[in-house]
Trainee: 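There's a structure below that I have some questions on.
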Amino acid sequence: MEEKIKCPRCGFEQPPTADCRKCQVNIPKYIEIRKRRHIVPGKLRGRDETARPEAKDIPKPGEGIPSKEPAAAPRLETAGEMSGIGDLFGRSWEMFKSRFGTLIVLYLFSGLFLAIPLALFFGSGYLFSLVLADSGRFLVGIGGFIGGAIGLIGMTWGFAAFIHAIVDETLGIGDSLRRAWRSVGSFIWLFTLWSFIVGGGFLLLIIPGIIFSVWFAFSQFILAEEDVRGMNALLKSKEYVRGLWFDIFLRLFVVWLISAVIGMVPLIGFILSILLMPFMMIFVYLIYLDMKDLKGDVDYVSSSGEKTKWLGAAALGYVVAPLIVIGILGTTFMTSLFLLSNILKSKDQSTTIPFQPPGLAPSKPDETPYPQGPESAPGTTRETGQMALPAEEERPRDVMVYIYSLNYKGSVRLNGDELYEIKGEQDMNYNFSGGGKFRYGENVIDVDYASLPNSWKTELKIKVYKYDWNTGKETVLEEWVMTDKGGRKSFQVAISR
């Protein structure tokens, strides 16, 4: 029977060769790299870390691998425990220095692959819109949509190559892009699921989103290294995290905090964030390797019901969040409406509203509004027992006065009696409509007024008019408008029978 070996990276069985026929990894080099990654500073399985594997321990390319199962990568010496944060930083830094050039180029490619198609198609749509003016907005929108769609695919391709280069140190830029191209569809689907579920979690009042972010933080590495795709990658990441959530959250929080602080550095924060992104992703990847060392290849539930459960939980966030917003806005609206209703019903306070044209301004609620009928006008009689007593003086019952004031303080008197006090506030208009102690013949209206300081506009308007109770028609008798700084003025209006 032909002897076979199993690839330590993807598990594919094949006759002994140096390269895996499925994932194309160089098996001897891959084993050496995995050993080097898992060295605990000072010792590895009781050996000094400076010790080099003997030649017989590492098959040379082309010689094949004699045993069916390659030697497993050594576990951490502190079995059963996660690497400390300091140890993770040290290992991440070593890998970061050795892979910086490749990783930073691939990370920048992901941004360029988004920007170039978007700029080309959006710009083309804009140029066509200059020629076809009637379809300008449509062409620009279509160009932006197509460019954005192609750009998102390109960005995912570049980021997938970035992840593959982290997972496999044998890959250069070209090899990473070629391998990522074969899995770009899987990465698009994985990132779509991740964004939907984690986004829905954050809409459920943030805490579920934080929990989901830790559970599913390693799904992209599971896709790149174990070829587990879609919801299965998310569920397997969650299984790796099971029982270690707080330890992993603490480690991720440290690196997220560092990223946030660096991003806030004035001027160069954005550039520093880009340069350190490979380091942070390596840090997360080494946490993933730690979990694999502790747990091995975990089993996870991948039934349709399990997948639907997480999609449903995320969808709940997209339903609940709008309902909460609508509820808050509805409550605010009802509260404002209630307060406005109370103000309008108040008998002790004047109504003040932000500036609006005089024709739209409401009447002052504590003064008599437009008359509702002849019985409310001055000069009518009132009954006491069986006698009808006349008013003290016969007065015109159809004469009314309207006062509008913006950015003035002062008072208005009619025939010596105070008619209205102008309680000026900055950029608030005041309105009064009602009857007064008018009399037949000459009437005198005295106005004392002063403009408020730093007012962009001032206006004081007084209008005396007759109101027809039957038709509702108004006939203006006199009208005066003042816009100056203020003073004292007297106006006369004659009312005939």
Side-chain angles (χ1 to χ4, degrees), residues 110 114 118 141-142 144-160 162-163 180 183-246 248-250 252-253 255-256 259-260 281 284 287-288 291 298-334:
S110 65
L114 170 65
L118 186 60
I142 288 295
F145 176 79
I146 296 175
I150 296 175
L152 286 175
I153 295 173
M155 181 181 70
T156 307
W157 177 31
F159 194 75
F162 174 69
I163 296 298
S183 59
V184 66
S186 299
F187 272 94
I188 291 174
W189 178 234
L190 175 65
F191 291 149
T192 300
L193 291 172
W194 188 94
S195 301
F196 178 77
I197 294 175
V198 174
F202 275 105
L203 291 175
L204 287 172
L205 303 180
I206 300 177
I207 298 299
I210 297 174
I211 296 173
F212 293 173
S213 297
V214 176
W215 275 344
F216 307 132
F218 310 98
S219 53
Q220 69 267 32
F221 301 119
I222 293 172
L223 170 57
E225 180 156 313
E226 303 181 38
D227 199 28
V228 178
R229 308 185 177 199
M231 277 298 299
N232 288 334
L234 295 170
L235 294 173
K236 192 166 188 179
S237 175
K238 178 177 177 294
E239 190 62 33
Y240 277 127
V241 175
R242 182 189 296 275
L244 301 170
W245 190 92
F246 183 77
I248 294 169
F249 168 76
L250 183 61
L252 293 178
F253 178 76
V255 75
W256 290 338
S259 174
M281 293 303 295
V284 177
I287 296 175
Y288 159 72
M291 292 189 300
V298 297
D299 294 325
Y300 59 97
V301 178
S302 61
S303 63
S304 299
E306 184 72 11
K307 296 176 182 179
T308 304
K309 178 177 70 175
W310 294 107
L311 294 174
L316 185 63
Y318 293 96
V319 173
V320 169
L323 292 178
I324 293 175
V325 172
I326 292 172
I328 294 173
L329 293 178
T331 302
T332 303
F333 174 76
M334 293 303 296

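Sequential numbering from 1 along the given sequence is applied to the chain's residues.
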Trainee: Measuring from Y300:OH to R242:CZ, what's the distance to the nearest 0.5 Å?
Mentor: 14.0 Å

Trainee: If you apply the rule side chain to side chain contact (heavy atoms under 4.5 Å, CB included), what do you find for M281 with F159, and how did you get there?
Mentor: CA-CA 11 Å; M281 293 303 295; F159 194 75; 4.2 Å; yes

Trainee: Taking the side chain as every heavy atom from C-beta outward, state whether I153 and I188 have any pair of such atoms under 4.5 Å apart.
Mentor: yes

Trainee: Can you see which heavy atom on F218 is nearest to which on S237, and at what distance?
Mentor: N-OG, 3.3 Å

Trainee: Show the numbers, then the answer: is there a side chain to side chain contact (heavy atoms under 4.5 Å, CB included) between W310 and W215?
Mentor: CA-CA 12 Å; W310 294 107; W215 275 344; 3.3 Å; yes

Trainee: Can you give me the closest heavy-atom contact between V298 and K236, atom names plus distance?
Mentor: O-CE, 3.8 Å

Trainee: Under the salt bridge (Lys or Arg N to Asp or Glu O under 4.0 Å) definition, can you give me all pairs with a residue in residues 309-321, not counting sequence neighbours?
Mentor: E306-K309

Trainee: Could you measure the distance from the OG atom of S219 to the CZ atom of F187? Nearest 0.5 Å is fine.
Mentor: 9.0 Å

Trainee: Looking only at non-hydrogen atoms, find the nearest pair between G317 and P322 and report the distance.
Mentor: O-CD, 4.2 Å

Trainee: Measuring only between side-chain heavy atoms, which start at C-beta, is F216 closer than 4.5 Å to V241?
Mentor: no

Trainee: Test side chain to side chain contact (heavy atoms under 4.5 Å, CB included) on F202 and I210 and set out the steps.
Mentor: CA-CA 7 Å; F202 275 105; I210 297 174; 4.0 Å; yes

Trainee: Is there a side-chain contact between L234 and L190 (heavy atoms, below 4.5 Å)?
Mentor: yes

Trainee: Should the heavy atoms of other residues, nucleotides or ligands under 6.0 Å from CD1 of I206 be counted, would the total exceed 12?
Mentor: no

Trainee: What is the distance from atom CD of E226 to atom OH of Y288, rounded to the nearest 0.5 Å?
Mentor: 3.5 Å

Trainee: According to salt bridge (Lys or Arg N to Asp or Glu O under 4.0 Å), does anything in residues 206-217 pair up with another residue at least two apart or in another chain? List the pairs.
Mentor: none

Trainee: Working to the nearest 0.5 Å, report the span between CG of L152 and OG of S110.
Mentor: 11.5 Å

Trainee: Run through L223, T156, D227 and flag the one making a side chain to side chain contact (heavy atoms under 4.5 Å, CB included) with S186.
Mentor: L223

Trainee: Would the number of heavy atoms belonging to other residues, nucleotides or ligands and lying under 6.0 Å from OH of Y318 be above 12?
Mentor: yes

Trainee: Could you walk me through whether M231 and I197 pass the side chain to side chain contact (heavy atoms under 4.5 Å, CB included) check?
Mentor: CA-CA 10 Å; M231 277 298 299; I197 294 175; 3.8 Å; yes

Trainee: Where is the tightest heavy-atom contact between V198 and S213, given as atom of each residue plus distance?
Mentor: CG1-OG, 3.4 Å

Trainee: For L235 versus S302, what's the shortest heavy-atom pair and its separation?
Mentor: CD1-CA, 4.0 Å

Trainee: Which atom names give the shortest non-hydrogen contact between G230 and L193, and what distance separates them?
Mentor: C-CD1, 3.8 Å

